[in-house]
Amino acid sequence: LVRRFAPIEQLRFCNSGTEATMDALRLARAHVGRDKIVKIEGSYHGHHDAVLMSTKPPIDAAGPVSRPNSVPASKGIPSDVKNNTIIAPYNDAEALERILTEHEGEVAAVITEAVLMNVGIMLPEEGYLESVREITRRHGVLLIFDEVKTGVTVAPGGITELYPVEPDLICLAKSIGGGMPIGVFGGREEVMRHINHQEVVHLGTFNGNPMSMRAGLVTLTQIFTPEAHAHAIGLSKQLGEGYVWDIDMHLSYAYWLFLANRGILFPPGFDDQWTVSIQHTQADIDHHLHVFHQFVSELTR
Ligand SMILES: Cc1ncc(COP(=O)(O)O)c(C=O)c1O
């Protein structure tokens, strides 16, 4: 992981993406010495209180586009948590600049998925991530990339490899464990050392357990090879390009059933993304696109 992700000099293992973002945020607060964080509207970082805000807020509660409200995504979150989680709109560097200026000296970190992958897939506009990096640095705020979904899938070194932007901390989980529970957060020694010096606690019975470590090592060194990665990206491209028509949101449940009845199971969430696995084959993609065409002909018959 250190070889794949340039900003990671040191890392710690935990058990999930939720733990990775929770621990990274605590570390950032300790390093910077401030309490508040900025989270991007629509971004999902797991189910701990600080980030379970404005993940998919109801439209009547979301607030103004460029000044979104902090909307808890669950009951049971103490009411004062939202005071420390400020919500910024995605792809709006100006709004981030304003928020950090209004809260000068109060914000420890900006956490974001560099590509939003929990509200469909939203790509950063040209220059956005670079501006976020420049703005956070200027305000003395750490930048945390949540690469729980993108890490080692969109490229061997995640989004951090694809964009010329170095975050201060990176969070990883999911695919890096090859199916076993795992999480990782890492960054520069200067930040990570608060844990090494026991100023910040990082605890967990199963952190770094041998089963997950072995599965992760084998996944990264023997299974998720550059060839396997190129294969999956190639199939993914074909699948994307094969969808020559859009399917209306209102038909997505019918489409889900249509696919399920023909041996294709994809996540039932209407705005969930599909990820091609390195185990998928050309035959899988051909079958999928064949069923897609069948569905369209049924509708237009
Ligand atoms: C971007 C992102 N971060 C964090 C998480 C939380 O990970 P976990 O479910 O392993 O706690 C998820 C889970 O979907 C995620 O998509």
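For ligands, and for the atoms within them, numbers begin at 1 and follow the listed sequence.
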query = Do Arg138 and Glu134 sit within salt-bridge range, that is, some charged N less than 4.0 Å from a carboxylate O?
reply = yes

query = Within a strict 4.5 Å, meaning less than it, do heavy atoms of the Asn69 and Lys82 side chains meet?
reply = no

Within-4.5 Å side-chain heavy-atom neighbours: Glu113 and Asn118 = yes

key: salt_bridge(Arg133, Asp168) N-O dist < 4.0 Å   = yes

note = When Phe266, Phe295, Phe258, Trp274 are each screened for ring pair (Phe, Tyr, Trp, His ring centres under 6.0 Å) with His288, the one that passes is Trp274

request  = Carefully, step by step, assess Leu11 and Leu1 under the rule side-chain contact (heavy atoms from CB on, under 4.5 Å).
outcome  = CA-CA 9 Å; Leu11 55 83; Leu1 290 173; 3.8 Å; yes

Neighbouring protein residues of ligand 1 - any heavy atom closer than 4.0 Å = Ser16, Gly17, Thr18, Tyr44, His45, Gly46, Glu113, Asn118, Asp146, Val148, Lys149, Lys174

